[in-house]
Protein chains: 2
Amino acid sequence: MATLKYSRQRESIKEFLTGRTDHPTADFVYENMKQIYPNISLGTVYRNLSLLADLGEIQKLSSFGGADRFDARTVPHCHFMCTRCGRVMDVFSEHIDKSLESIAADFKDGQISDYKARFFGICKECLKEESH
Amino acid sequence: MATLKYSRQRESIKEFLTGRTDHPTADFVYENMKQIYPNISLGTVYRNLSLLADLGEIQKLSSFGGADRFDARTVPHCHFMCTRCGRVMDVFSEHIDKSLESIAADFKDGQISDYKARFFGICKECLKEESH
DNA sequence: CTGGTTGCAAAAGTTTTGCAACGAG
DNA sequence: CTCGTTGCAAAACTTTTGCAACCAG
C-alpha cells in the first residue's frame with residue numbers, strides 16, 4: 001500500500017471544497033487553485049480529487065451529465081438538479097433519508113454498500129423568473 | 001418543430017436496445033449496428049440515442065462514471081451497479097418504487113419532475129467468486 | 001422540392017497518464 | 001535516500017458538430 005505524504009495542493013483542494021455548498025467540477029477547482037498556486041496543473045487537481053474520493057474524504061458525483069462534480073459532504077444525501085439553470089443542490093429531508101435507508105435495507109444479503117439518488121425539476125429561482 | 005422522418009438506423013437502434021436487459025454504451029450500440037449497417041457512423045448513433053431520449057422512448061443514464069449508458073425501459077426504476085465487475089442491473093422492488101414516489105411527493109410545490117436512484121455494492125456473481 | 005438524416009471528419013470537452021524534477025519523511 | 005507528488009504535455013476517451021450527399025414525405 002502506498003504511504004500517503006503531505007501535499008499543500010491536496011490540503012488546499014480539500015479545504016476549498018469543504019468551504020462550499022455547491023458542487024464544483026474539477027476544472028472549477030483548478031481555476032480557483034490557480035489563485036493560490038499559479039503553476040498548479042489540471043492533472044494534479046484530478047489526481048487529488050480522485051485520491052480524496054478514494055479515501056472517502058470527498059464524494060465524486062457522476063450523475064448530472066457533463067463533467068463530474070465533487071462534494072465535501074460525505075454523509076449519504078441526495079441532490080436536486082434544476083433542469084433549467086443546471087444548478088445542483090443538496091436535499092435535506094428526514095423523510096427522504098429514512099426512505100433511502102429502508103430501500104437499502106430491502107436488499108437481500110446486505111448487498112448495498114452505498115447509494116445515491118437525485119431528483120430533477122425546476123428550482124424556485126427559475127420558477128420565480130418564469131412568472132415574470 | 002422539426003417533423004420526424006423515418007430512419008432505418010434509428011429504428012434498429014431502438015429495437016436493439018429494447019431487446020436487451022443490460023445498459024449498453026453508445027459505442028457498444030455502434031459496434032453492434034455496424035453488423036447491420038457497415039457504414040453507420042458513431043455520430044449517427046449518438047444523434048439517434050439523444051433524439052430517442054428526448055422523445056422519451058429510451059432513457060439516458062449518466063450515473064455510473066465513464067460513458068453514458070442507454071436503457072429502453074422508460075418507467076422510473078432504479079439501478080444497481082456492482083463496484084467490482086461494473087455491471088449495471090435493474091432493481092425491481094415495490095418497496096423501493098413506493099418509497100421513491102413518496103420522496104418525490106415530499107417536495108414542496110410539486111417541483112420534482114423526475115428522479116433516479118442507484119445503489120452500489122457487490123453483485124451475487126462476484127460474491128460467489130469471492131468465496132472460492 | 002423540402003428539410004430531416006447520414007457518413008465522415010474535425011473539434012470540443014473531460015479525464016488519464018508517462019516522465020523527469022521535486023519534496024516529505 | 002526513497003518514493004509519493006507535481007507540472008507539463010501528450011494521449012485516451014466521450015460526445016458534439018459542420019458539411020455535402022442522401023432520402024423520406
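Quick note on labels: first sequence line is chain A, next is B, and so on, each numbered from 1.
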Report the relative orientation of the aromatic rings in B:His79 and B:Phe64; use parallel for angles under 30°, tilted for 30 to 60°, perpendicular for over 60°. perpendicular

Can you check whether B:Arg8's main-chain N or O pairs, donor with acceptor, with B:Tyr37's side chain at less than 3.5 Å? yes

A:Gln59 backbone acceptor or donor facing A:Arg73 side chain under 3.5 Å: no

Using atom CG of B:Leu51 as one end and atom C1' of D:dT15 as the other, report the distance to the nearest whole Å. 16 Å

Tell me which nucleotide among C:dT16, C:dG7, C:dT14 gets nearest to the side chain of B:Asn39. C:dG7

What integer distance in Å separates A:Tyr37:OH from D:dT5:P? 15 Å

At less than 4.0 Å, is any side-chain N or O atom of B:Tyr46 found next to OP1 or OP2 of D:dT16? Yes or no. no

Under 4.0 Å, counting only non-hydrogen atoms across every strand here, what does B:Ile40 touch: a base, just sugar-phosphate, or nothing? sugar-phosphate

Would you mind classifying the nucleic acid contact of A:Asp27 as base, sugar-phosphate or nothing, using non-hydrogen atoms under 4.0 angstrom? nothing

Please tell me which of the listed nucleotides, C:dT14, C:dC8, D:dG7, lies nearest to the side chain of A:Thr44? D:dG7

Verdict with supporting geometry, B:Val91 and B:His77, side-chain contact (heavy atoms from CB on, under 4.5 Å): CA-CA 7 Å; B:Val91 170; B:His77 66 289; over 6 Å; no

What integer distance in Å separates A:Leu42:CG from D:dA12:P? 18 Å

Before you tell me yes or no, could you show the steps for A:Asp90 and A:Asp71 under side-chain contact (heavy atoms from CB on, under 4.5 Å), namely the whole-Å CA-CA distance, both residues' side-chain angles and the distance that decides it to 0.1 Å? CA-CA 10 Å; A:Asp90 288 328; A:Asp71 189 348; 3.7 Å; yes

Footprint string (nucleotides 18-25 of chain D, 5' to 3'): B base within contact, S backbone only, - free, heavy atoms under 4.0 Å: B-----BS

Please report the distance, rounded to the nearest Å, between OH in B:Tyr30 and P in D:dT16. 16 Å

Over how many whole Å does the gap from B:Ile36 atom CD1 to C:dG7 atom C1' extend? 17 Å

Hey, mind stepping through A:Phe16 and A:Phe28 against side-chain contact (heavy atoms from CB on, under 4.5 Å) and telling me if it holds? CA-CA 11 Å; A:Phe16 176 73; A:Phe28 187 85; 3.9 Å; yes

Can you check whether B:Arg69's main-chain N or O pairs, donor with acceptor, with B:His23's side chain at less than 3.5 Å? no

Rounding to an integer number of Å, can you tell me how far A:Leu49 CG sits from D:dT5 C1'? 15 Å

Under 3.5 Å: donor-acceptor pair, side chain of A:Arg10, backbone of A:Arg47: no

Cluster question for you: counting only ILVMFWY and a side-chain heavy-atom cut-off of under 4.5 Å, with indirect links fine, are A:Leu61 and A:Phe119 together? no

Rounding to 10 degrees, work out the angle separating the end axes of the helix from C:dC1-D:dG25 to C:dG25-D:dC1 (five pairs an end). 40°

Nearest whole angstrom, please: distance from the C1' of D:dT15 to the CZ of B:Phe28. 19 Å

When rounded to whole Å, the NZ to P distance for the pair A:Lys34 and D:dC8 reads 10 Å

On DNA chain D, more 5' by nearest nucleotide between A:Gln9 and B:Lys60 is A:Gln9

